Amino acid sequence: MDGYRSGFACFVGRPNAGKSTLTNALVGTKVAITSSKPQTTRHTIRGIVHREDGQLILVDTPGLHRPRTLLGQRLNDLVRETWSEVDIVGFCVPADQKVGPGDKFIAAELEKIAKRTPVIGIVTKTDLVSQQQVAEQLLALQNIMEFAEFIPVSAQNGYQVDTLADLLLRKLPEGPPLYPDGELTDEPEQTLVAELIREAALEGVRDELPHSIAVVVEEMLPREGRDDLVDVHANVFVERASQKAIILGHRGERLKQVGITARRHIEKLLGTRVYLDLHIKIAKDWQRDPKQLRRLGF
């Protein structure tokens with residue numbers, strides 16, 4: 001496979017900079033959950049892009065932020081650990097938000113690795129602003145650090161998504177494919193199912209609640225005697241009784257809606273009918289408790 005390239009790239013940026021949406025657009029399917037809530041991503045999700053000339057493994061990371069909890073600190077550690085292991089880093093800055101202190105903080109961190117790992121500047125969400133604003137954002141990005149290259153993209157309308165894939169692939173080392181053809185992610189199905197439930201639970205909740213939601217799939221098995229139905233039993237964890245009431249909603253209506261939305265996405269992922277059994281549990285202040293963080297998979 002002469003000239004074939006393969007390797008790892010990761011997108012970094014402030015929370016809600018469009019990293020997960022861009023990952024999904026490049027892979028061509030949903031491998032990372034997305035939400036308008038900051039810090040939606042809590043795990044490093046790998047999405048695999050297969051091309052004739054190479055294989056690009058995209059590592060979607062949590063948004064780097066100033067942590068206020070032990071969970072936040074662990075997510076930041078995860079981001080930095082990922083940076084040190086990939087072949088190229090894409091620094092995402094949304095076109096519709098001014099380059100601010102958060103971006104400068106990330107740029108200062110990235111400069112420590114830029115000598116050995118190329119960093120490219122990516123202006124995301126270009127569909128939301130004029131061409132003039134995109135040009136201004138590219139200039140603003142140039143002022144915060146020295147990048148190997150720059151590119152404006154839109155995951156929503158596909159603008160320059162293929163060009164970005166070309167650019168990332170060119171920076172990878174020559175080598176054989178690292179994953180079998182057709183595989184789009186190496187995440188266990190149970191992890192993806194838990195993430196889809198969390199994504200559905202995040203919709204429409206108030207700002208302070210999203211960080212308090214965690215989901216654990218306790219059991220996922222084909223129904224006995226049926227080859228067309230999978231039973232999924234999952235717990236949605238929150239930190240306080242008042243948060244449980246918000247997720248539950250009036251007479252359990254909100255939880256029911258979460259179940260309907262999540263089940264639809266899970267059925268699409270698994271390619272089979274699903275019975276989804278959801279329960280809400282309280283794990284008091286779990287974001288600050290090392291023992292509970294371990295139990296919830298962090």
Side-chain angles (χ1 to χ4, degrees), residues 1-14 17-32 41 43-64 75-93 103 106-124 138 141-142 144-155 158-188 191-192:
M1 300 181 80
D2 204 31
Y4 192 92
R5 295 178 180 275
S6 62
F8 293 83
C10 80
F11 295 137
V12 301
R14 279 183 289 141
K19 301 178 294 294
S20 299
T21 309
L22 192 53
T23 298
N24 291 339
L26 282 155
V27 176
T29 191
K30 190 185 188 78
V31 292
T41 305
H43 303 273
T44 50
I45 305 281
R46 287 188 184 88
I48 303 154
V49 182
H50 299 272
R51 306 228 316 201
E52 281 184 15
D53 54 345
Q55 190 181 80
L56 171 65
I57 298 103
L58 295 165
V59 189
D60 184 36
T61 59
L64 196 70
L75 295 183
N76 275 357
D77 290 345
L78 191 61
V79 177
R80 291 189 179 95
E81 193 181 305
T82 305
W83 292 359
S84 65
E85 294 170 353
V86 296
D87 301 293
I88 180 168
V89 174
F91 179 17
C92 296
V93 173
D103 300 304
I106 295 167
E109 295 280 312
L110 284 171
E111 280 187 320
K112 297 170 190 171
I113 62 151
K115 281 188 174 64
R116 66 175 188 277
T117 307
V119 179
I120 62 168
I122 305 171
V123 173
T124 59
L138 284 165
L141 202 50
Q142 281 180 42
I144 61 172
M145 73 171 280
E146 203 171 311
F147 291 94
E149 304 213 28
F150 292 94
I151 184 167
V153 300
S154 168
Y159 172 64
Q160 297 222 112
V161 169
D162 288 340
T163 311
L164 174 62
D166 293 340
L167 178 58
L168 293 168
L169 209 58
R170 280 202 307 272
K171 304 279 184 192
L172 299 181
E174 288 196 10
L178 302 168
Y179 288 90
D181 193 31
E183 204 166 297
L184 298 176
T185 180
D186 64 353
E187 285 301 302
T191 303
L192 291 171

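Remember, it's a predicted structure, so these values are computed and weren't measured experimentally.
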**Asked** Closest heavy-atom contact between L169 and R5?
**Response** O-CD, 3.2 Å
**Prompt:** Is the backbone N or O of Q55 less than 3.5 Å from a side-chain atom of S6, with the two atoms forming a donor-acceptor pair by type?
**Reply:** no
**Item:** Spatial distance of atom CZ (F91) from atom CG (D103) [nearest 0.5 Å]
**Value:** 4.5 Å
Distance-only donor-acceptor pairs under 3.5 Å for side chains of residues 145-155, two or more places apart:
unit_1, atom_1, unit_2, atom_2, d
E149, OE2, K171, NZ, 3.4
S154, OG, D127, OD1, 2.8
S154, OG, Q156, N, 3.3
S154, OG, N157, N, 3.2
S154, OG, N157, OD1, 3.1

**Message:** Nearest 0.5 Å, please: how far is CZ in F11 from CG in L22?
**Reply:** 4.0 Å
**Message:** Assess the residue pair I88 and L167 against the criterion (side-chain contact (heavy atoms from CB on, under 4.5 Å)); give the C-alpha distance rounded to whole Å, side-chain angles, the decisive distance to 0.1 Å, and a yes or no.
**Reply:** CA-CA 10 Å; I88 180 168; L167 178 58; 5.9 Å; no
**Prompt:** Can you check whether C92's main-chain N or O pairs, donor with acceptor, with T124's side chain at less than 3.5 Å?
**Reply:** no
**Fill in**
Tested for side chain to side chain contact (heavy atoms under 4.5 Å, CB included) against L58, the lone hit among V86, N24, L26 is L26
**Request:** Would you mind telling me which of L168, I48, D166, L178 makes a side chain to side chain contact (heavy atoms under 4.5 Å, CB included) with L56?
**Result:** L168
**Asked** Should L164 and I120 count as side-chain neighbours, where that means a heavy-atom distance under 4.5 Å?
**Response** yes
**Complete:** d(F8 CZ, D87 CG) to nearest 0.5 Å is 7.5 Å
